[in-house]
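Reviewing the structure listed below.
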Amino acid sequence: SSITKLLTSADLDQDGHSDLVCAVRIIGDTAFGNQTWHPTRVVVFWGQPDGRFTLADTSQVPAMGLLWQEFHTSPSCSQSL
């Protein structure tokens with residue numbers, strides 16, 4: 001499972017379609033061994049001409065530090081997936 005928070009929306013690639021920038025915290029991922037922390041990534045969902053977003057058209061950036069702390073200290077505006 002995961003927790004996803006919208007960080008911002010903008011037309012990042014200037015194609016006329018809004019893009020979404022989200023922080024995604026993966027819960028219970030054992031890919032990195034048995035850990036007490038959860039990997040977090042920033043994912044850009046590139047807006048499609050029809051106004052939708054797809055997992056097939058994303059960019060992912062590893063994120064640590066302050067973004068990780070933000071998950072634990074920000075007001076509850078996340079959605080569990």
Side-chain angles (χ1 to χ4, degrees):
S1 69
S2 66
I3 297 172
T4 302
K5 288 190 176 185
L6 178 65
L7 299 177
T8 192
S9 65
D11 185 8
L12 299 173
D13 55 1
Q14 299 179 348
D15 65 354
H17 310 292
S18 292
D19 308 307
L20 303 178
V21 181
C22 298
V24 179
R25 179 174 147 205
I26 301 170
I27 311 243
D29 183 359
T30 59
F32 299 101
N34 207 2
Q35 301 175 11
T36 58
W37 57 276
H38 306 287
T40 302
R41 294 197 173 273
V42 172
V43 180
V44 178
F45 291 88
W46 301 104
Q48 305 301 304
D50 62 4
R52 297 188 310 161
F53 302 92
T54 173
L55 290 174
D57 192 10
T58 63
S59 297
Q60 297 185 30
V61 180
M64 300 301 245
L66 294 177
L67 182 63
W68 171 246
Q69 290 176 348
E70 182 68 21
F71 266 109
H72 296 287
T73 59
S74 66
S76 180
C77 62
S78 64
Q79 178 175 351
S80 296
L81 299 177

*Under the side-chain contact (heavy atoms from CB on, under 4.5 Å) test, which residues partner Thr58, sequence neighbours left out?*
Val43, Phe45, Gln60

*Please report the shortest heavy-atom distance between Phe53 and Asp19, naming the atom on each side.*
CE2-CA, 4.1 Å

*Write out all pairs satisfying side chain to side chain donor-acceptor pair (under 3.5 Å) with one or both partners inside residues 9-18, taking only residues at least two apart or from two chains.*
none

*When rounded to the nearest 0.5 angstrom, what distance separates OG1 in Thr54 from CD in Gln48?*
6.5 Å

